[in-house]
Every structure is written in structure tokens, then in C-alpha cells.
Amino acid sequence: MVNLDKKRVSPVKIGSVTYPNPIWLASGTVAFGAELSEILDLNMLGGIVLKGTTLEPREGNPPPRLVETPSGLLNAIGLQNPGVEGLIKDKLPFLKQFKVPVILNIAGKHEDEYVSIVQRVAEEAEVQGYELNLSCPNVENGLDLGTDPQWVESVVKKVKKVAGNVPVLAKITPNVTRITDLSKAAENGGADAISLINTLVGMAFNTHTQQPILANKIGGLSGPAIRPVAIRMVYQVRQTTSLPIVGMGGIMNQHDVDEFYIAGADCVQLGTLNFVDIHQLRSLINTAQS
Amino acid sequence: MVNLDKKRVSPVKIGSVTYPNPIWLASGTVAFGAELSEILDLNMLGGIVLKGTTLEPREGNPPPRLVETPSGLLNAIGLQNPGVEGLIKDKLPFLKQFKVPVILNIAGKHEDEYVSIVQRVAEEAEVQGYELNLSCPNVENGLDLGTDPQWVESVVKKVKKVAGNVPVLAKITPNVTRITDLSKAAENGGADAISLINTLVGMAFNTHTQQPILANKIGGLSGPAIRPVAIRMVYQVRQTTSLPIVGMGGIMNQHDVDEFYIAGADCVQLGTLNFVDIHQLRSLINTAQS
Amino acid sequence: MFTQEIVTVTENKPVAEGYFKLSFNAPELAKNYDPIQFVNVKVGSGTEFLLRKPFSIYDHTDTDISILFKIYGKGTERLSQYKTGDSLDILGPLGTGVVPPKDNVPTALIVGGVGIGSVKALALKMPKQFDLFYGVRNQGEVVEKQEWSELANTVFMCSDDGSCGEKGVVSTLFQKQASAYKKIYVCGPHAMLKAVYDVCPETIESFFITEEYMACGFGICMGCVIKTTSGYKRICKEGPVFKGSEIIW
Amino acid sequence: MFTQEIVTVTENKPVAEGYFKLSFNAPELAKNYDPIQFVNVKVGSGTEFLLRKPFSIYDHTDTDISILFKIYGKGTERLSQYKTGDSLDILGPLGTGVVPPKDNVPTALIVGGVGIGSVKALALKMPKQFDLFYGVRNQGEVVEKQEWSELANTVFMCSDDGSCGEKGVVSTLFQKQASAYKKIYVCGPHAMLKAVYDVCPETIESFFITEEYMACGFGICMGCVIKTTSGYKRICKEGPVFKGSEIIW
Ligand SMILES: Cc1cc2nc3c(=O)[nH]c(=O)nc-3n(C[C@H](O)[C@H](O)[C@H](O)COP(=O)(O)OP(=O)(O)OC[C@H]3O[C@@H](n4cnc5c(N)ncnc54)[C@H](O)[C@@H]3O)c2cc1C
Ligand SMILES: Cc1cc2nc3c(=O)[nH]c(=O)nc-3n(C[C@H](O)[C@H](O)[C@H](O)COP(=O)(O)OP(=O)(O)OC[C@H]3O[C@@H](n4cnc5c(N)ncnc54)[C@H](O)[C@@H]3O)c2cc1C
Ligand SMILES: Cc1cc2nc3c(=O)[nH]c(=O)nc-3n(C[C@H](O)[C@H](O)[C@H](O)COP(=O)(O)O)c2cc1C
Ligand SMILES: Cc1cc2nc3c(=O)[nH]c(=O)nc-3n(C[C@H](O)[C@H](O)[C@H](O)COP(=O)(O)O)c2cc1C
Ligand code: FES
Ligand code: FES
């Protein structure tokens, strides 16, 4: 049996870093923290994962970028972000005032970009984790690379070489036949933890115009709808590794958080919830304060 | 643009059979028709797909076999069915009184079982289609076979050889990296249509007992939650084949039916809806009567 | 024959701590159901809850049906907020009902907690030769005490905390007098059903009203099974009543 | 500074065909918002609707805020069923509001349909130098006609079917008199915004109140963007008001 009372408040050790508690916020659902800090005390979080960052600035996809589906949210933001230089110049300085561990979410077009981003950020030494987004389904070719275990192993290995003491979290894609092939690949590459799950690839049509609702046509499905799939994957990965697992996908309340702990997660990230219920968010964060 | 007014009432030609309209009921959500016939006029349907049938009778999984998740239903029935002999003796005779095309859903443990079932049923000559369940996630080993394109191609080919004039529909599994690999494999094997999607593999825990809710631990997720994934897969498969596509996954109303038509489906199957709203079911069926 | 109907709530009132009795207008149903049959109720709007929720038919008037429910999770919580005049989407009557015994053999109804909700319709249609064994957590949970004392020959009560009747569980209470009965109907949580079965002499004809998670409620999903001597049977279709000797415990 | 509050509905009444004005108690908010700001409202219970739905702040009293909405889809349908005393979960005030112009330049508000819901707060805080151009489908859609004729210098109406004011679209109505104005605020469906922009002389300072599907409403999801001369900007954060010259149409 998982000791839930303990787990809910336990610091989480990943690689050389001990994160103060297991309630983190997920990439793409916090931007770079500034807006949330107006309504939430970031210092109470176990970690905050920044919006996926690329080497060059990206303007992202044209709108519409969002649509609600039953108990789900379909998004195709297209990784709008200021690029690693913009991050360092405009985003990280603001976060210095908080003690919350900042985890960078990195989206490369190919292996070298992951390495370059880490190298550039390493000079700044403010971040407490690199989460490699190996799974962004919205970006051209993004799908195919991340579904290949060999590529996953290789990119993790290369990043580990330049990451120094900063933990490397592999956020593998759930849109695959066998999730454990990818988690094993990441482990073989030397990942310090596995983050799962990212969004499921989905699509919705406007039945009047008969066009896809998202300008990007396909998007990533998040929210409660995907929780059973996320729980299953965390469970499966837990059977095959002793690495820390960072669980996410559709968490809306304490029950859902506990379900992830039971399935095998060491800590969780809240994503879509941040958009819809700050009260719940605070309540989960409060529970994590020992 | 899809002419929806026309599509909603159009007969559907698959192989040598023309089904009277595009509203069918999905396997596993109608048992063998008898109970539904008490509340629904089966003759108005375009097709009815029977519960997955195996060579030998199967008693199925222990309960609990079901649990609701956000906008979804997780099930692990475990293919409870009377086997092909029981089907022929106890189930098919009842259906003779109706003019609705009966489609058999076949679940084999290996290639030969699919062939044997078809051969045994062919002697009876009452069914108007074989839907090969190449994707049941609840049965031991079921997952792995159906995710292999070569196996899919091979089993379809073998079944086609013995199927005579009866159309063969390949119901491929959605729990894969590239759905089009499987649809192409089925097409290469000679399938007359592609059915998608089956359920997504999911899991849920009871947070009090800390045990999986389903006795089988993992189950198949159906219902509105999975619709965006289903729509995406129908769309993707439509880009790569001109075979008829039988679309399903989370249809609850006319909007959802239309979304499948627009994505590329030629007809649809209603599944979880049958459990929850007979009025809606009737309304969709009425729309299909030209 | 069952139907899906949109009915109007005529009353929804608390009848014990956390217990509600909800009545709705359904004249056809009121005439045409057998005891132990149930209705499958759509709670909330949209896909707030995807599946219907099953509730036994508790009682009826000429025009109305009522169900008795206990707040358990979110669905029953929501159901407790329904008000007179609200509409409700129901499917029923479902399940294989019980033909009330005409023979005058000594009979006991044995119920735990909200199990009381499943047996009243049976009690109403039975000749008054039955005793009721009624176990509750505590006094606050007792439903329609007065009515039951009129319906039954004798009511034997027990409660977990002794606040009402004997202190203890209903299987033990029944065991002491088991030899007096030839037929029993038992309804309650699974553990209680099993406890009663275990203490029940073989000479007694026993009927157990079972429960399992349901999706459809009328036999098409194969979800709600119970293991019996002749394989898995559907609680919603062949059940919810099974003989004690039939169930594989 | 914005907050999430559980507020109580004080009134919800139809004000035109398919239009409702919903008021709720929120004294802090009533004091501290700028025109054109909006609230993001949780409609229904559970995950009936996952996302909040954004509505402009229409008007306020000392203690209450009101929103004006049109029944569009299921969410607004559900919102129309809210009754006095119901509680509502709101997030706000959101967006960058408009500081009402103090200069006495000739100003026009140009609105189409439910766009009227976004500009009243602005109208109330402006010196009475503005005219209102108000386009509707038909007469039934007109909201608070009397009040607007008091708020504005002149109200110019038009409707698609001619049942109210001139027959035609509001961009054409405005075009005829465009030269009379130095500043305009425009609110309505995107096609209407564009039509007004296209007929608007460059000498006019123009502000467009834009809309896009929103998830968070406060800048963290990057979902609600509009293309501007300086890249995609968030309608919920940098907007919803943008200068005509800034938008890439
Ligand atoms: C034939 C039958 C008759 C019943 N009669 C009554 C009755 O008269 N009065 C009464 O109070 N209760 C009755 N129940 C139980 C009632 O259906 C559940 O208490 C109710 O569905 C719980 O819903 P919830 O949303 O409040 O709880 P949830 O939060 O959904 O679940 C709490 C627990 O209730 C059970 N449950 C939930 N949904 C279902 C479902 N669709 N089918 C079966 N079990 C479920 C599960 O064990 C679950 O763990 C009956 C059940 C069955 C099968
Ligand atoms: C800043 C802003 C202010 C608004 N102010 C008002 C107002 O004062 N009065 C008013 O009647 N309407 C206003 N709207 C529009 C209002 O939010 C939508 O009409 C409402 O969300 C529709 O919900 P629905 O469930 O009824 O429709 P749905 O069936 O969900 O959708 C119908 C259409 O409404 C739009 N829509 C739905 N959800 C959202 C969302 N979360 N964000 C943005 N658009 C959405 C989409 O274009 C969709 O196609 C405003 C929108 C924005 C962005
Ligand atoms: C709008 C949006 C943007 C996202 N952007 C990213 C991203 O940039 N990088 C990433 O790794 N995951 C991204 N995600 C995925 C989330 O981090 C998370 O894995 C997913 O949403 C599942 O969690 P949830 O259901 O709690 O939202 C995004 C999700 C959403 C909804
Ligand atoms: C209880 C249940 C049992 C099912 N059994 C089968 C089956 O035996 N064979 C099969 O091919 N699909 C089976 N399915 C899958 C459905 O046919 C359908 O593909 C899936 O449920 C998606 O459609 P829906 O969301 O409309 O239910 C079953 C689904 C459910 C819910
Ligand atoms: S609930 Fe579907 S078979 Fe019983
Ligand atoms: S709605 Fe999320 S950034 Fe605007």
C-alpha cells in the first residue's frame, strides 16, 4: 500500500535535486509563471515547468488554437515561445524572486537543438531541471521522432552529457503502441525521471463549415478525458522501472492526484486544471505543505 | 464538402453487400440483439454488429467489469460469449425474423481461429459481414498481435479466402503509433472496409482500497472522451485509402455522427450511446430513414 | 416491456440521515412493475454523468413511483438536489422481478442499510406473514419505522452502535431465529449478503438481491455479472434476485 | 489583480429574444474593473463544461456586476437557466481594460448584435460625446433601447431585415458618416469588425474589441491569440482591445 498521507507531502528526489513537494505545474499551462503569480503563491509549489522552449523564437500556430471536447481540451498552440535567448533575457529573471524549483521544458527539432538549448541555459544556472519534450504532437515531424526508442535514447544521452548536475526528465509521447519501449529507452539514455503523459493526438470538426476547428487541424487532447490512459501508462511504466515518475493527465482534484500516486507516480503535474479552477489548485497545493 | 443531407440517408456499399443506411450498432454494445429488440425496431438499422465471438465459449472476466470515467466508460468484459456453436444454435435463429443486416464480430486467439469461425458460420449463410476484431485489449496477448501490420495483413488475407461473398471489415486497434500502418496492412490483405476505433487502453484505481477498479486491471475506454482521437484516426486513414470506413467512438448525437462523416467515415456505429439514451438512438436512426 | 420516459419529479424529501425518497409521475410504470425491479436514472445534464444510475422501485401510488436512495457519491448527491417539477429521464422497469409468494410459509426480509429500498414493493404485495430483520449503522439511518412495523409481523432491529435495537450485525440477529423461517429475501451490501448466507440453514429457501456496477441495465453490455453455478449471469437481466444456492460466494 | 470568487446570482432575466442579463453580487469587482474587462464563468457542475466561458462586464451597481449574453450553444443555454440565489464561480476582472477617453473628440461606438454587451461599461464612463451605431439581425434583438438613447448623443440603428432602423449592415451605416468622427470603438463578430475597418478612414483612431476561443482567460495557455503587427498577442491579456492599425486583418 502507498502511504498516501506521507506521499502527499513528501519531497521528491530526482537525480541530485530534491524538490520540496510532489505538486508541480505542467508545461504549457503556466506560460513562464508571471501571470499565475498574480493569483497563486508560486513558492508553495514543488516545481514549475515552463512553456516548451525552442532554440529560435516561435510565433506558434494561427488561431483557433483551442477547442473543448467532452471532459477534454484540444490544443494546438504550436509552441509559441520567445526562444532560448528570449527565455534567458525576459523570462528567467522574473522567476528569480521565487524559491520554487524551475524546470525548463525543451522542444528541439532534432537532437542538436536539445543540446544547444541546454548548453545555453547551463551558463545561467538558474534552472533545477530539464524536461525534454520528446512528444509534441503539434509540430511538424514532432510525432515521428519521439516515437522511435532509439532516437529517444540518443537524445537523452546527449543531453545528459551537457546537463551537469541538473536532472533530466524525459517526457515521452503517449501516442505509441508500447509506452514502456520509450521509458526503457529514456532510462537507457540516462534519464533521471520519466514524465508522462503528454497530450493524445486528436481532432475536431466544425460541422457547419466542415473544416477542422483547429487551424493546425490536429491537436493535443488534455484534461480528465485522458486520465484513464495516463493512469494506465504510469502503471505500466512503474512495472518496468524504478526511476522516479512524474505523472500527469487530467488531474482535477485530490482523488485524481492520489490515483496517480497509487499507479506509481512519485509526483504529479497539474495542467488543464490551472485554466479552470484556481481554488482546487490551491487546495491541492495546501495539502502538499507538511 | 460532404453532402450531409445525402450521406445521412445513403445506403452503404461494402464489398458485395449494400447496407440500407449508415447507422449501425457497435459490437459489444448490443449483445446479440434480443434485449434491444424489446425497445428498438432493429429493422430500421443499417447494420447490427454482434458481440465479439470466439471459437470456444468464453465466460469472460470476473466483475467488476465496468467503471465510469470523465465522459467515458472503462470496460473489461473479457469477451463473454457462447462461442461460435452457441451463436449458431442460440443467437442467430432469433435474428432471422429481422431484415437488419447482421455483422459478426470475430475475435480469434490466432489466425486459424478467425478462419475456423468464418468457415463454421459460412455454412449457415445468414450473416452479412465479418468484422474482425483485431484489437481487443482485454484479452491476454490480444494487444500485441493486432498492433503488428504483418499479422493484420496475414489474418485478413486468410479470412478473405474463406469468406466468399461476405464482406470482411477489419477493426484495427487504435492503441498504436501509426494507425495508417494498420489500415494499409488490412487493405493489402484485401479487407473490404476499415472499422475504427475500438477502445483505448485505460485503467482506474479505487483510491480507498488502492486496487485497480476492474478485476482485469486494465480495460477499454469508450464514450465521448475518446471522440477526438477517433475523429483524428478516421481522418488520417481517409487520407490513405479509398476503402469504406466504418467510424465509431463516442458518438452521442447527430453532431457527432456528422463529424465522423466529415472526417471521412462512410457509415458509423453507435456503442456506448446504446447504454444510456434510447431516445437519441431512435432519433439518429429516424434521421437515417430516407 | 421497458421504456425510456421523461418524467416529472413530484416530491424529493429527506427521510433519514443522508436518505431521500424521490417520487415521480409515471402512471404506466406504477401499474406494471414487479417487486425488486429497478429503474435506471439519468442524473444531471450533458455528460456530467455518462451512465445512468440504478435504483430499486421502492413504492408506488396510482400515478407515482418512488425510489429511496442514500447519498453515496456525486451522482446521488446531485439527485438529492432535484426538486418538485424537475424532469428526470428514466429507463424501466428493469430486471426480473419477484412474484410475491402466495404460500403462507414463514418468511423473513433481511436488510442492511439502504437495502431497505429494494424490498418495500415486495413487502407491500406479500401476505402479512413476514418478519423484518433490519440492520443499520445507527438510529439516524432508520427509514419509515412506523410503516414497517405495520407492514411486518415483527420488526427486529439492530445497529452497529446499539443506538437502535440490538447492538450488532443483522446476520447475527437473524441467525438466532433462523430456524423459524422457511423463506428469506436478503438485501444489503455484498459482505452482509454473504454473512447471512453463511448462517442460513440449508432448509431455508433463500433469495439474495444483488448489486454490481451497471452500464446499460437491460442486458446488452454484459457488465454487471455475478458468478453462479451456471456461469456468469447478468444482475440486470437474470437478476437482481438469485437463490443463495445458485451464487458462487 | 484578479480573483476567483463564488458569487450569488441576484437576477437573471431575458432582455431581448435569446438575450439575458445576469447579475451577481460582487462588491469588490463592482468597484475595481475597467470598461471592456471580462469575467470567465464556470457554467454547470462537474465537467459538464470543462472550460470557463468569457463574458464582458456589462454594467454594475454598488454591489453587483451584470453580464449580458446571447444564447449561442449549450453553455449559454445552461447559463440562461440560472436563477436568483444560485451560486456561480467566476474569475475576474480579466483583460486589459480601456481608460475612458477624457478628451472631447467626436467618438462613435459601433456594435453588432451581442457586441453591445461589451461596450456599456465604457459608455457609462465616457463623457456624453459619443454616438452609437447599432446593428442587429432584427428588432427582437435590440437591448435596452431606451437606456442607450439616453447614454448616447444619437443612436443610429440598422437591421438585416429592416425591422428596426435602416435595412443593412452597420459598417455601411457608419461609412456614410465616418468623416464626423475622430475615434471609434467597435465590437461584434469578426466579419463585422473587418468590414468596419475596411471603411474606416485612416484619420480615425480605431479600437476593436476582439474575441477568440479561450481556455484560461488570464494569459497562461497562449490559446486566444490574434495576429498583430508585432506577432501573435493574447486577446485575454494584451487585449481584448486592439488598435485597427495593429491587427493583421
Ligand atoms: C439493481 C440495483 C438497485 C439499486 N437500488 C438502489 C436503491 O434502491 N437505493 C440506493 O440508494 N442505491 C441503490 N443502488 C446503488 C446505486 O445505484 C448507487 O449507490 C449509485 O449508483 C451511486 O452513485 P453515485 O454517483 O452517488 O456514487 P459513485 O461515486 O458513482 O460510486 C460510488 C459507488 O457506487 C456504486 N455505483 C456507482 N455507479 C453505479 C452503477 N452505474 N451501477 C451500480 N453501482 C454503481 C459503485 O460501487 C461505486 O463505487 C442500486 C444498485 C443496483 C445495481
Ligand atoms: C473576451 C470575450 C468576451 C465575451 N463577451 C461576451 C458577452 O458579453 N456576451 C456574450 O453573449 N458573449 C460573449 N462572448 C462570447 C461567449 O464567450 C460565447 O458566446 C460563449 O462562450 C459560448 O458558449 P456556448 O457553450 O453557449 O457555445 P458553444 O457551443 O461552446 O460554442 C459556440 C461558439 O462560441 C464560441 N466559444 C465557445 N466557448 C468559448 C470560449 N471558452 N472562449 C471563446 N469563445 C468561445 C466559439 O466560437 C464556439 O464556436 C465573449 C467572448 C470573449 C472571448
Ligand atoms: C495548452 C497546452 C499547452 C501545452 N504545451 C506543452 C508544452 O509546451 N510542452 C509540453 O511538454 N507539454 C505541453 N502540454 C502538455 C501538458 O504539459 C500535459 O502533459 C498535458 O496537458 C496533460 O496534463 P493535463 O491533462 O493535466 O492538462 C500542453 C498542454 C496544454 C493543454
Ligand atoms: C462494454 C463494451 C464491450 C465491447 N465489446 C466489443 C467486442 O466484443 N468486440 C469489438 O470489436 N468491440 C467491442 N467494443 C468496442 C465498441 O464496439 C466500440 O468500438 C467502442 O466502444 C467505441 O465506440 P463508443 O465510444 O461509441 O462506445 C466494446 C465496447 C464496450 C463499451
Ligand atoms: S448493466 Fe449491462 S448487462 Fe447488466
Ligand atoms: S485564454 Fe489562455 S492565454 Fe488567453
Side-chain angles (χ1 to χ4, degrees), chain B residues 25-40 48 50-52 57-82 213-215 219 222-225 227 250 252-253 271-282, chain C residues 1-7 40-54 72-75 87 89-96 190 210-240 247-249:
Chain B
L25 304 187
S27 179
T29 66
V30 295
F32 295 93
E35 299 81 2
L36 261 180
S37 73
E38 288 182 44
I39 196 165
L40 200 73
I48 181 169
L50 306 184
K51 174 68 191 165
R58 278 181 64 98
E59 69 165 3
N61 293 327
R65 292 178 170 186
L66 301 169
V67 62
E68 184 171 332
T69 65
S71 300
L73 168 62
L74 208 49
N75 89 81
I77 308 299
L79 281 174
Q80 175 172 351
N81 80 92
I213 294 182
L214 301 178
S222 67
R227 204 176 73 232
M252 288 285 130
N253 51 43
T272 303
L273 174 62
N274 311 345
F275 304 155
V276 297
D277 198 346
I278 302 290
H279 286 176
Q280 262 296 348
L281 195 54
R282 278 208 204 104
Chain C
M1 221 45 221
F2 62 98
T3 56
Q4 179 177 343
E5 306 282 346
I6 313 293
V7 300
N40 214 358
V41 181
K42 163 94 182 124
V43 180
S45 54
T47 53
E48 186 180 348
F49 301 98
L50 180 61
L51 300 181
R52 290 170 181 272
K53 309 210 170 250
Y72 208 90
K74 285 192 184 152
S87 51
D89 181 344
I90 61 153
L91 192 70
L94 301 173
T96 304
H190 185 82
T210 59
E211 283 191 15
E212 187 48 75
Y213 210 92
M214 293 186 172
C216 67
F218 59 100
I220 60 172
C221 77
M222 311 304 287
C224 65
V225 296
I226 183 168
K227 189 133 197 172
T228 73
T229 47
S230 39
Y232 285 122
K233 285 195 174 175
R234 294 165 296 187
I235 288 177
C236 72
K237 190 76 187 172
E238 287 84 23
I247 296 172
I248 295 182
W249 290 93

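Any value given below was found using the heavy atoms of this structure, including those in side chains, with hydrogens, waters and symmetry copies removed. Below, chains carry the letters A, B, ... as their sequence lines are ordered, and counting in each starts from 1.
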Colleague: With side chains defined as the heavy atoms from C-beta onward, is the minimum distance between B:L66 and C:C221 less than 4.5 Å?
Modeller: yes
Colleague: Select all residues of residues 225-238 of chain C having any heavy atom within less than 4.5 Å of some heavy atom of chain B, and report them by number, or 'none'.
Modeller: C:V225, C:K227, C:Y232, C:R234, C:K237
Colleague: Verify, without hydrogens or angle tests, whether B:E68 (side chain) and C:L50 (backbone) share a donor-acceptor contact under 3.5 angstrom.
Modeller: yes
Colleague: Applying side chain to side chain contact (heavy atoms under 4.5 Å, CB included), name anything that partners B:A215, two or more places apart in sequence or on another chain.
Modeller: B:P62, B:P64
Colleague: Using non-hydrogen atoms and a 4.5 Å limit, figure out which bit of B:V30 sits close to chain C: side chain, backbone, both or neither.
Modeller: backbone
Colleague: For B:V67 and C:Y213, which heavy atoms make the closest approach, and how far apart are they?
Modeller: CA-CE2, 3.7 Å
Colleague: Quick one: of B:G223, B:G271, B:P63, who has the most non-hydrogen atom pairs under 4.5 Å with chain C?
Modeller: B:P63
Colleague: Can any side-chain N or O of B:E35 pair as donor or acceptor with the backbone N or O of C:F218 at less than 3.5 Å?
Modeller: no
Colleague: Against chain C, work out which of B:H279, B:E38, B:Q80, B:E59 has the most heavy-atom pairs shorter than 4.5 Å and name it.
Modeller: B:H279
Colleague: Testing the basics here: between B:I39 and C:Q4, what is the closest heavy-atom pair and its distance to 0.1 Å?
Modeller: CD1-N, 4.0 Å
Colleague: Quick check on B:S71 against chain C: is it the side chain, the backbone, both or neither that has a heavy atom closer than 4.5 Å?
Modeller: both
Colleague: Any chance you could measure C:M222, atom CE, to B:N81, atom CG, to the nearest 0.5 Å?
Modeller: 9.0 Å
Colleague: Could you tell me which portion of B:T69 (side chain, backbone, both or neither) has an atom closer than 4.5 angstrom to a non-hydrogen atom of chain C?
Modeller: neither
Colleague: Not counting sequence neighbours, which residues clear salt bridge (charged side-chain N to carboxylate O under 4.0 Å, His left out) with C:E212? List them please.
Modeller: none
Colleague: Go through the structure and list residues passing salt bridge (charged side-chain N to carboxylate O under 4.0 Å, His left out) with C:D89, not counting sequence neighbours.
Modeller: C:R52
Colleague: List the atom of C:G219, the atom of B:A31, and the distance in Å for their closest heavy-atom pair.
Modeller: O-CB, 4.0 Å
